[in-house]
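Have a look at the structure below before the remarks.
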Amino acid sequence: MLDLIAKHESSSLAAIAEAASVADLDRVESDALGKSGSLIVLKRDLGSIPVEERKTAGRALNEARQHVEVSLAQRREELAAVERVARLQAERLDLTEVPTTVSVGHAHIVTQAWEELEDVFVGMGYHVAEGPDVETDWHNFDALNIPPGHPARDGFDTIYVNHGEPGSTLLRTHTSPVQIRTMLTQEPPIYIVAPGRVFRRDTADATHMPVFHQLEGLVIDKGISLADLAGTIQAFTERYFGSGFNSRLRPNYFPFTEPSAEFDVQSPDGSWLELGGCGMVHPNVLRAGGVDPEEWSGFAFGFGIDRLALLKFGVDDLRDMYSNDIRFLRQF
Ligand code: PHE
């Protein structure tokens with residue numbers, strides 16, 4: 001009897017050690033300790049052995065059951081831990097970012113044109129100047145030889161700002177007030193370009209926007225003449241558009257320049273494009289900027305950056321540039 005108990009115990013313990021899963025272990029448990037398990041059936045047989053052996057055999061059987069139970073519990077814990085790890089591995093979500101080409105975007109076409117224009121003029125020895133978007137009526141008009149009541153004021157479709165005296169503060173209608181601000185803060189000689197945002201009470205259409213961009217140029221030096229202006233416009237045209245391009249000046253009127261001109265650019269196919277205004281700085285404007293017209297003279301020019309970008313990139317509606325449709329913007 002004792003031999004039988006020892007045999008069943010050791011075979012149960014071996015089976016426990018070999019169990020590869022909790023399910024295996026359940027089977028081993030039922031084989032050993034279940035209703036007709038090897039160690040349970042033996043209990044019934046105790047009754048049929050001599051009384052003096054029964055006690056020892058009973059104790060041995062109890063101990064064997066305890067060993068098997070302890071070993072089962074231990075193995076169950078081990079296997080449960082292994083299975084838990086396996087389950088976690090299987091359910092694990094891979095959150096590692098899949099390496100793709102990173103899209104960093106690029107500058108807007110107006111910004112590209114703006115920066116390219118700055119580069120061209122910096123390359124010609126100019127400095128970049130700037131002024132505020134919200135201007136005084138004086139800097140935007142009076143100082144530029146456009147006194148109150150001057151008909152040129154109507155042409156600018158000014159947006160006034162509710163600040164200070166009524167009509168004293170506005171959103172600048174052109175970049176020309178930067179001429180005044182530069183003259184008031186810098187001694188001549190002056191060679192500056194001032195790119196920036198300008199505002200007019202305009203309804204958006206294919207060629208107009210209420211907010212657009214201009215590039216202003218101002219040169220003040222000794223003995224500056226109209227020939228210098230024409231030469232500068234031509235040099236700029238060739239550098240920005242290319243060597244096959246030409247420029248011309250056509251008489252025009254601006255209150256802040258005298259004489260004044262419109263300047264056009266001709267592409268190699270012969271067609272002319274009206275680009276902007278220019279002229280010799282009016283003596284009243286020099287005086288407003290604190291510059292002596294007897295000692296210094298100069299020229300100024302100004303043109304729209306947006307229209308230039310429109311032409312350069314072959315866009316036919318200005319509004320497309322500002323609707324921020326990524327499919328449009330990605331093309332450039
Ligand atoms: N400020 C003018 C405009 O907005 C352009 C210009 C600038 C003309 C400088 C002459 C000289 O139309």
Side-chain angles (χ1 to χ4, degrees), residues 110 114 117 121 126 128-133 135-147 150-159 170-183 190-202 207-221 224-226 228-234 236-237 247-265 273-289 291 293 296-308 318:
V110 170
W114 171 321
L117 287 165
F121 282 104
Y126 287 66
V128 177
E130 55 181 23
D133 289 355
E135 257 305 359
T136 68
D137 179 74
W138 185 81
H139 287 91
N140 195 83
F141 290 127
D142 299 65
L144 289 164
N145 203 31
I146 314 173
H150 192 289
R153 286 198 175 213
D154 301 338
F156 280 109
D157 297 310
T158 311
I159 298 168
L170 46 77
L171 298 182
R172 65 177 177 189
T173 59
H174 51 174
T175 42
S176 298
V178 186
Q179 290 186 34
I180 304 299
R181 290 188 176 272
T182 306
M183 285 189 273
I190 291 168
Y191 289 79
I192 59 111
V193 283
R197 200 180 277 175
V198 300
F199 309 82
R200 288 187 200 176
R201 227 176 334 99
D202 248 335
T207 51
H208 294 86
M209 288 297 284
V211 183
F212 57 106
H213 303 83
Q214 284 188 336
L215 183 123
E216 191 82 11
L218 175 69
V219 166
I220 308 281
D221 208 337
I224 296 291
S225 72
L226 197 64
D228 297 311
L229 170 58
T232 300
I233 297 288
Q234 179 61 26
F236 154 72
T237 300
S247 65
R248 74 175 174 202
L249 303 189
R250 274 182 300 117
N252 197 10
Y253 170 78
F254 295 104
F256 30 91
T257 44
E258 179 57 37
S260 300
E262 201 81 55
F263 70 91
D264 306 333
V265 168
L273 155 76
E274 187 180 308
L275 203 61
C278 62
M280 302 306 293
V281 182
H282 195 287
N284 288 349
V285 175
L286 291 174
R287 274 189 282 270
V291 172
W296 305 94
S297 59
F299 62 75
F301 56 85
F303 56 83
I305 298 175
D306 314 66
R307 281 197 198 173
L308 203 93
L318 208 47

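Ligands are counted one by one from 1 in listed order, and the atoms in each one are counted from 1 as well.
Of the options S176, G302, P177, the smallest heavy-atom separation from atom 1 (N) of ligand 1 is shown by S176.
The shortest contact between atom 12 (O) of ligand 1 and any protein heavy atom is with F254 CE2, 4.0 Å. From the protein, the heavy atom lying nearest to atom 9 (C) of ligand 1 is E216 OE2, 3.4 Å. F256 CE1, 3.7 Å is the protein heavy atom nearest to atom 6 (C) of ligand 1.
Other residues, nucleotides and ligands contribute over 12 non-hydrogen atoms within 6.0 Å of the CD atom of Q234. Within 6.0 Å of the CZ atom in R197, the count of heavy atoms belonging to other residues, nucleotides or ligands does not exceed 12.
Outside the 6.0 Å centre-distance limit, the rings of Y126 and F236 are not counted as a close aromatic pair. Side-chain rings of F301 and F121 approach one another, their centers coming within less than 6.0 Å.
By the 3.5 Å distance cut-off applied to N or O atoms, Q214 is counted among the residues near ligand 1. In terms of N/O distances under 3.5 Å, ligand 1 is approached by H174.
A salt bridge links E135 with R181; the closest basic N to acidic carboxylate O contact falls under 4.0 Å.
Applying the 4.0 Å criterion to heavy atoms of C278 picks out, from ligand 1, the atoms 8 (C), 10 (C), 11 (C).
Using a 4.0 Å cut-off between heavy atoms, S260 makes no contact with ligand 1 at all. With a heavy-atom cut-off of 4.0 Å, R200 touches ligand 1 through its side chain alone.
Counting heavy atoms from C-beta outward, L275 and R307 have side chains that stay 4.5 Å or more apart.
G276 does not count as a contact of ligand 1, since none of its heavy atoms falls under 4.0 Å from the ligand.
Here the side chain of N145 pairs a donor or acceptor atom with the backbone of P255 at under 3.5 angstrom.
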